[in-house]
Amino acid sequence: MAPKNDGSAKKVMNKGAWTAEEDSKLSQYIEVHGAKRWKTIAAKSGLNRCGKSCRLRWLNYLRPNIKRGNISDEEEDLILRLHKLLGNRWSLIAGRLPGRTDNEIKNYWNSHLSKKIDQKGKTQEVSTAQETTSQLKTRAPAPMEEEGAKIVGSSEPTFDVNEFFDFSTELEWVNKFFELDENP
DNA sequence: AACGAAGTCAACCGCTAATTT
DNA sequence: GAAATTAGCGGTTGACTTCGT
């Protein structure tokens, strides 16, 4: 496609950390026009940012009811359970944690929980080293195993999620989870 | 106190899915 | 139905902070 005018005048977008002024501009624009058509928002709000960047900033920091930091034990437990079910489906997991964002959960997982599980896996690896593989095979398969296990398996340390959670007691909880999805 | 290593987290990138024209 | 545009996702990066020596 030929440039409409001098191509050398291509605008260079801002990158990196957002300033308070930029936040304010974005918030004000969205308050008036709503959070849709991010390219337009980026162009008309007076921000020298791309639409993607605006969307991310809004979703992760500026939108109302965002919780930041201090992930509670309950939330942590929920993240662990959901991750076991869904793998790295951060947006789905975030959807079950009001006020939390996919990015925050992803970061929390990568910096806190993955290590926790890694440690747990290692200690259990030692204690269950004698357990025969045949015992493991007789366990009930995890729901979502087909999809979830693939995803988890690609990035997880090598430990058996069946060891980490007792799926027999999880089934009820899992069913509730999917009921929620069907009836929003 | 100074320095390097490790940890944390905000933001970007590349890609796919969904929607619009 | 095809092409273009937009939205959304997950992985990765890099700047900053904290910790250990």
Side-chain angles (χ1 to χ4, degrees), chain A residues 1-4 7 10-73 75-122 142 144-158 161 177-178 180-182 184:
Chain A
M1 194 190 276
K4 282 173 184 168
K10 189 182 178 181
K11 210 175 177 181
V12 178
M13 294 290 175
N14 273 356
K15 280 191 177 184
W18 280 65
T19 64
E21 190 189 353
E22 286 177 311
D23 284 347
S24 170
K25 277 184 182 175
L26 182 59
S27 296
Q28 281 173 17
Y29 188 90
I30 289 174
E31 211 171 292
V32 175
H33 297 93
K36 48 189 171 184
R37 300 191 72 86
W38 292 105
K39 208 175 174 180
T40 308
I41 290 172
K44 297 201 172 175
S45 61
L47 292 163
N48 191 25
R49 296 269 182 178
C50 67
K52 255 184 169 182
S53 184
C54 293
R55 176 186 160 273
L56 197 72
R57 186 66 184 172
W58 172 255
L59 291 177
N60 286 341
Y61 299 93
L62 300 177
R63 84 187 143 113
N65 305 321
I66 286 282
K67 278 190 225 167
R68 306 214 34 82
N70 298 324
I71 290 182
S72 67
D73 289 347
E75 286 176 312
E76 186 178 304
D77 181 58
L78 191 53
I79 293 168
L80 284 165
R81 286 162 175 256
L82 288 168
H83 187 271
K84 182 196 68 185
L85 268 176
L86 303 166
N88 296 357
R89 309 283 286 276
W90 306 115
S91 63
L92 279 176
I93 294 171
R96 298 293 166 199
L97 289 152
R100 300 294 184 187
T101 68
D102 57 349
N103 208 32
E104 186 177 20
I105 289 167
K106 180 169 62 181
N107 282 333
Y108 188 73
W109 178 270
N110 287 332
S111 58
H112 295 87
L113 300 183
S114 63
K115 284 171 203 161
K116 256 189 192 178
I117 286 181
D118 194 26
Q119 279 181 348
K120 180 123 185 166
K122 276 177 184 166
M144 297 280 291
E145 196 172 42
E146 281 185 7
E147 189 181 351
K150 269 185 222 160
I151 298 162
V152 172
S154 62
S155 59
E156 286 300 304
T158 54
V161 292
F177 177 82
F178 285 106
L180 276 172
D181 256 1
E182 283 161 15

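Everything numeric in this text was worked out from a predicted model, so none of it was measured. Here is the naming used below: chain letters follow the sequence lines, and residue numbers restart at 1 for every chain.
Atom pair A/W109:CH2 and C/dG11:C1' shows a separation of 16 Å (rounding to whole Å applied). Atom OH in A/Y61 sits roughly 11 Å away from atom P in B/dC12 (whole-Å rounding). Per the geometry, NZ belonging to A/K36 stands 10 Å off P belonging to B/dT20, to the nearest Å. Rounded to a whole Å, the CG atom of A/N107 is 11 Å from the P atom of B/dA11. A/K106 has its NZ atom 13 Å from the P atom of C/dT13, to the nearest Å. Look at CZ on A/R37: it is 16 Å from C1' on C/dG8, rounded to the nearest Å. Rounded to whole angstrom, the span from the CG atom of A/L113 across to the P atom of B/dC9 amounts to 11 Å. Rounded to an integer number of Å, the gap from A/D23 CG to B/dA10 P is 12 Å.
When the side-chain nitrogen and oxygen atoms of A/R68 are compared with OP1 and OP2 of B/dC9, none of them lie within a distance under 4.0 Å. Contact between the side-chain N/O atoms of A/S111 and the OP1/OP2 oxygens of B/dG7 is not found at any separation under 4.0 Å. Residue A/K15 places no side-chain N or O under 4.0 Å from the OP1 or OP2 atom of B/dC12. In terms of phosphate contacts, A/R57 brings a side-chain nitrogen or oxygen within less than 4.0 Å of OP1 or OP2 of B/dA11. Residue A/W90 has a polar side-chain atom (N or O) positioned under 4.0 Å from OP1 or OP2 of C/dG11. An OP1 or OP2 oxygen of C/dC9 is reached within less than 4.0 angstrom by a side-chain nitrogen or oxygen of A/S91.
Within the nucleic acid shown, A/G16 comes within 4.0 Å of sugar-phosphate atoms alone, with no base atom in reach, counting heavy atoms only. Within 4.0 Å of A/N60, counting heavy atoms only, lies no atom of the nucleic acid at all. Using a 4.0 Å heavy-atom criterion, one finds that A/R55 contacts the bases of the nucleic acid, with or without backbone contacts as well.
Side-chain proximity of A/N110 to the nucleotides C/dT12, B/dC9, C/dG10 is greatest for C/dT12. Closest to the side chain of A/N88, out of C/dG11, B/dA11, C/dG8, is C/dG11. Taking only side-chain atoms of A/K39, from C-beta outward, the nucleotide of C/dT6, B/dA11, B/dC12 with the closest atom is C/dT6. Nearest nucleotide to the side chain of A/L56, out of C/dG8, C/dG11, B/dA11: B/dA11. Each of C/dC9, B/dG14, B/dA10 was ranked by its minimum atom distance to the side chain of A/K52; first place goes to B/dG14.
For A/Y108 and A/N14, each mapped to the nucleotide of DNA chain B holding its nearest heavy atom, the one lying further toward the 5' end belongs to A/Y108.
Using a 4.5 Å cut-off on side-chain heavy atoms (C-beta onward), A/E76 and A/L113 make contact.
For A/K67, the salt bridge (Lys or Arg N to Asp or Glu O under 4.0 Å) partners two or more places apart in sequence, or in a different chain, are A/E75.
Between the side chains of A/S24 and A/Q28, at least one donor N or O sits under 3.5 Å from an acceptor N or O.
Relative ring orientation between A/H83 and A/W109 is described as parallel, the plane-to-plane angle staying below 30° on a 0-90° scale split at 30° and 60°.
Heavy atoms only, all atoms of each residue included: A/I105 and A/I79 are closest at CG2-CG2, 4.1 Å.
Exactly one residue among A/N48, A/T19, A/L47 makes a side chain to side chain contact (heavy atoms under 4.5 Å, CB included) with A/N14. That residue is A/N48.
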